[in-house]
There are 2 protein chains.
Amino acid sequence: MSIEQDIQQKAFKSPYTKAVVNIMFTNNWLCTLQSDLLKRYDVTLQQYNVLRILRGQHPNPITVCGIIERMLDKMSNASRLVDKLILKDLVIRKECPHDRRQVDVIITDKGLDLLAELDNQQSEWETALHKLSPEEALTLSHLLDKLRGSAE
Amino acid sequence: MSIEQDIQQKAFKSPYTKAVVNIMFTNNWLCTLQSDLLKRYDVTLQQYNVLRILRGQHPNPITVCGIIERMLDKMSNASRLVDKLILKDLVIRKECPHDRRQVDVIITDKGLDLLAELDNQQSEWETALHKLSPEEALTLSHLLDKLRGSAE
DNA sequence: TGACATCAAATGTTTTTACATTAAATTTGT
DNA sequence: ACAAATTTAATGTAAAAACATTTGATGTCA
């Protein structure tokens, strides 16, 4: 079944329109799958993404600005996202020594443990994507880069 | 520039993880572009998508359920989205004759006019995607279908 | 130095979303 | 035919997002 059938549309104006709609549809499909999984751990998709960004820097801290830059959706309320994570003891916030405007955020051991557990879960559902070969997955990524004008 | 640079990540665990992140990142990139454009016409992306679904059926009506089925993101509040569109006189709601639970929704001439104008705008920014050849755009769609297990 | 611009993060407010519940109409099964 | 289950849409509500504004800190330049 192709995207036309998934959303019951007869035809698209152009292959570009079709690709755009398909990206959005697929994104939603992915988000739903992931969110359902994360819900069991009482973490939202956004929180999960922030945690992964923090792990990427660990053991170094990262500022709120740094988080926003790396987030998939820019979103203005990274502060409040960090608030939520602090409530769960998954990250800590501490003053940045050389610039008191900034705030350093660091993932805690508890946060790292949670991520490790989520990694396993992720691997599991990601096998659902293996209808694509690894090469095809890379081609997909490359085409997306090119679509955004970020290729080469 | 590739997705690694866009989100300042060194490497991905697998080509699948990379593709998933890239889809989400690209989706956000697309949504931002489109929303900015639609904002000038005081229409949200969601509302625009519903309008396009209604045009796809025009001059036939479609029920709220029908809209939800065709929406890119399932979302529970199609009723309220229709409410918003009614306030702007872009659609009308009328009772469904053969099943009084259902509600028929039809796009108005004003709605069609707005869509026509938006189509032009869309075409314009879609040319930004022409770094991809039409064939590549189709390949992209096909890979996404396959990723979801919806291919062939 | 001191006024002014800029920047980082937090906060306020309104709108949307997600999720559950309700209400009315229809279908099903006996 | 009638009670129970199901379907459709609307609504209530709590959480999250979008967007603007504020507060405090740093940088700039006359």
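No experiment lies behind these values; they were computed from the predicted model shown.
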* To do: Let me know the distance between CD of A:E95 and C1' of D:dA25, rounded to the nearest Å.
  => 11 Å

* What integer distance in Å separates B:Q46:CD from D:dA17:C1'? -> 12 Å

* To do: Between B:T44 and A:V103, name the one whose nearest nucleotide on DNA chain C is closer to the 5' end.
  => A:V103

* How long is the line joining CG of B:D36 and P of D:dA18, in whole Å? -> 12 Å

* OP1 or OP2 of C:dA10 sitting under 4.0 Å from any side-chain N/O of A:S79? -> yes

* **Atom pair distance, as rounded to whole Å: CG in A:L81 and C1' in D:dA18** => 13 Å

* Asked: Is the distance from OP1 or OP2 of D:dA16 to the nearest side-chain N or O of A:K84 less than 4.0 Å?
  -> yes

* Look at the side-chain N and O atoms of A:R80 and state whether any lies under 4.0 Å from the OP1 or OP2 oxygen of C:dG12. => no

* **Integer-rounded Å distance: C:dT17 C1' and B:Q47 CD** => 14 Å

* Determine whether B:D83 and B:L87 make a side-chain contact, defined as any pair of heavy atoms from C-beta on separated by less than 4.5 Å. => no

* Would you mind reading off the distance between A:L38 atom CG and C:dC19 atom C1', rounded to a whole angstrom? => 17 Å

* To do: Please tell me which of the listed nucleotides, C:dA9, D:dA9, D:dT26, lies nearest to the side chain of A:T63?
  => C:dA9

* Whole-Å distance between C:dC19 C1' and A:D42 CG? -> 15 Å

* **Whole angstrom value for the distance that separates P of C:dA8 from CD1 of A:I67** => 13 Å

* Short side-chain donor-acceptor distance under 3.5 Å, A:Q122 and B:K13 -> no

* Structure fact -> Assert: residue with more 5' nearest nucleotide on DNA chain C, out of A:D99 and A:D83, is A:D99

* Asked: With a 4.5 Å limit on heavy-atom distance, are the side chains of B:L147 and B:I23 in contact?
  -> yes

* To do: Look at the side-chain N and O atoms of A:R100 and state whether any lies under 4.0 Å from the OP1 or OP2 oxygen of C:dA9.
  => no

* Structure fact -> Per nearest nucleotide of DNA chain D, the residue lying toward the 5' end, B:Q102 or B:K39, is B:Q102

* Asked: Under a 4.5 Å side-chain heavy-atom rule over Ile, Leu, Val, Met, Phe, Trp and Tyr, are B:F12 and B:M24 clustered together?
  -> yes

* Out of C:dA9, C:dT6, D:dC19, whichever nucleotide has its closest atom nearest the side chain of A:R101 -> C:dT6

* Criterion salt bridge (charged side-chain N to carboxylate O under 4.0 Å, His left out) against B:R55, the qualifying member of B:D109, B:D119, B:D113 -> B:D119

